[in-house]
Amino acid sequence: MALTLTSGTLIVASAYPDPPFDLIDNGSASGFDIELMRAICAQLGLALQPVRYSGDDFNGIFDGLGNRSYDAVISGTTITPERGAIALFSQPYLEFNQGVAVNRRSTPNVASLADLRGMTAGIQSGNTSDIVAKRLLAQGAIANIKYYPYHGIAAALDDLEAGRIGLVIKLHPVIAWLVKNRPALSVAIEVPTHEKLGIAFAKQNQALCEAVNRALAALRANGEFARLQARWFPRPGG
């Protein structure tokens, strides 16, 4: 099969908003993932065509690989066995934990998972944060889970500010970015999930996966990957 669906173009789906991985800046796609894909496309001699996934459940994004709507998915996407059964993944390019955001005004003393007892967690449908939330619920560490459509993260944060839920769980760099302009909210806990992020392809497109892996290796070797990482994930105090 051809490397890409459209000759000379790499069509890549992402779910927005998911900063700093994927965001819309003045009407254009931006963020670490998009810039990484632009750099990969430059290595491969392809033009990048970003497309927006708008489904309510994030896991539905992989359907577009099988039905040939796009060539790849990049969206701060954790590699999991379930996803690996339906899509092919690149070599991992970053690793992060989950973060727990709380309302510091109404629950100022939250410092550990034990302090979440009796609270309701806000979770995006299809997000790997749900794995953490279900485990906490089973352990009795939280009281309930409220689900939001994937693009409804702002509504979840609004509910957290208003006290309608007690916490929101999401990949640490994303939740840290999302609460930085909401003074009542802060990330109180980091849950060590060690999630490895990858770029997804159709199961049958091994050639494209291998080409992207080679491009990733080249970007690490020439320092471009490190420059992108430093720009979008600055170290505290750095």
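Between Arg227 and Glu224 a salt bridge is recorded (basic side-chain N to carboxylate O distance below 4.0 Å). Salt bridge annotation for Glu35-Arg231: present, with a cationic side-chain nitrogen under 4.0 angstrom from a carboxylate oxygen.
Defined by atom type and a distance below 3.5 Å, a donor-acceptor pair is missing between the side-chain atoms of Asp56 and Tyr148. A donor atom on one side chain and an acceptor atom on the other are found under 3.5 Å apart for Asp33 and Tyr93. Counted by atom type alone, Ser28 and Asn26 present zero donor-acceptor pairs between their side chains at under 3.5 Å.
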Test side chain to side chain contact (heavy atoms under 4.5 Å, CB included) applied to Ser125 and Tyr150, step by step: CA-CA 6 Å; Ser125 296; Tyr150 193 82; 5.9 Å; no
With side chain to side chain contact (heavy atoms under 4.5 Å, CB included) as the test, would you mind laying out the steps for Arg135 and Val191 before giving the verdict? CA-CA 12 Å; Arg135 186 175 76 236; Val191 183; 3.8 Å; yes
Steps toward side chain to side chain contact (heavy atoms under 4.5 Å, CB included) verdict (Glu161, Leu185): CA-CA 7 Å; Glu161 280 185 327; Leu185 308 183; 3.8 Å; yes
Between Asp18 and Leu23, does the side chain to side chain contact (heavy atoms under 4.5 Å, CB included) criterion hold? Intermediate values first, please. CA-CA 6 Å; Asp18 204 40; Leu23 54 113; over 6 Å; no
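Atom CD1 of residue Ile74 and atom OG of residue Ser90 lie 7.5 Å apart, to the nearest 0.5 angstrom. To the nearest 0.5 Å, the span separating CE on Met119 from CG on Leu136 amounts to 12.0 Å. If you take CG on Leu46 and CE on Met37, they are separated by 9.0 Å, rounding to the nearest 0.5 Å. In this structure, CZ in Phe58 is found 8.0 Å from OH in Tyr53, a value given to the nearest 0.5 Å. The line from CD of Gln43 to CG of Leu219 is 4.5 Å long, rounded to the nearest 0.5 Å. Taking CG of Leu197 as the start and CG of Leu94 as the end, the distance is 5.5 Å to the nearest 0.5 Å.
A donor-acceptor pair is defined here as one N or O able to donate and one able to accept, closer than 3.5 Å; no such pair exists between the side chain of Ser186 and the backbone of Ala188. Side-chain atoms of Asp115 come within 3.5 Å of backbone N or O of Ala111 as a donor-acceptor pair. Between the side chain of Ser75 and the main chain of Ala15, a donor-acceptor pair closer than 3.5 Å is present. Using modelled atom types, one side-chain atom of Asp71 and one backbone atom of Leu5 make a donor-acceptor pair closer than 3.5 Å. Judged by distance alone, the side chain of Lys180 and the main-chain N or O of Ile175 form no donor-acceptor pair under 3.5 Å.
The only member of Ile123, Leu116, Thr120 that meets side chain to side chain contact (heavy atoms under 4.5 Å, CB included) when paired with Leu167 is Leu116. Between Gln98 and the options Glu195, Lys170, His194, a side chain to side chain donor-acceptor pair (under 3.5 Å) holds for only Glu195.
Grouping the Ile, Leu, Val, Met, Phe, Trp and Tyr side chains by contacts below 4.5 angstrom, directly or via other members, places Val212 with Phe21. Both Ile145 and Val110 belong to a common hydrophobic cluster when Ile, Leu, Val, Met, Phe, Trp and Tyr are linked at side-chain heavy-atom distances under 4.5 angstrom. At a threshold of 4.5 Å between side-chain heavy atoms, the hydrophobic network of Ile, Leu, Val, Met, Phe, Trp and Tyr places Val187 and Ile189 in two separate groups. No continuous path of ILVMFWY side-chain contacts below 4.5 Å connects Leu65 to Ile34, so the two sit in separate hydrophobic clusters. Leu208 and Ile79 fall into different hydrophobic clusters, where Ile, Leu, Val, Met, Phe, Trp and Tyr are joined by side-chain heavy atoms under 4.5 Å apart, directly or via other members.
Ring planes of Phe96 and Phe233: tilted class, angle from 30 to 60°.
Taking each heavy atom of Ile153 and Pro17 in turn, the nearest pair found is CG2-CG, 4.0 Å. For Ser30 against Asp25, the heavy-atom pair with the smallest separation is CB-CB, 3.9 Å. For Gly76 against Asp22, the heavy-atom pair with the smallest separation is N-OD2, 3.9 Å. Listed here is the closest heavy atom pair of Gly55 and His151: O-CD2, 3.8 Å. The two residues Ser129 and Asn127 have their closest heavy-atom pair at OG-OD1, 2.7 Å. In terms of heavy atoms, Pro50 sits closest to Tyr16 at CB-OH, 4.3 Å.
At least one side-chain heavy atom of Thr6 sits less than 4.5 Å from a side-chain heavy atom of Ile11. Within the 4.5 Å cutoff, the side chain of Leu48 has heavy atoms near those of the Val12 side chain. Looking only at side-chain heavy atoms (C-beta outward), Ile199 and Ile40 come within less than 4.5 Å of each other. Put simply, the side chain of Ser14 does not reach to within 4.5 Å of the side chain of Val73, judged on heavy atoms. By the 4.5 Å heavy-atom criterion applied to side chains, Leu36 and Trp232 are not counted as neighbours. Looking at Leu157 and Val168, their side chains come closer than 4.5 Å, going by heavy atoms from C-beta outward. With a 4.5 Å cut-off on side-chain heavy atoms, Ile61 and Arg83 do not count as touching.
In this structure, Phe32 has its ring center under 6.0 Å from that of Phe225.
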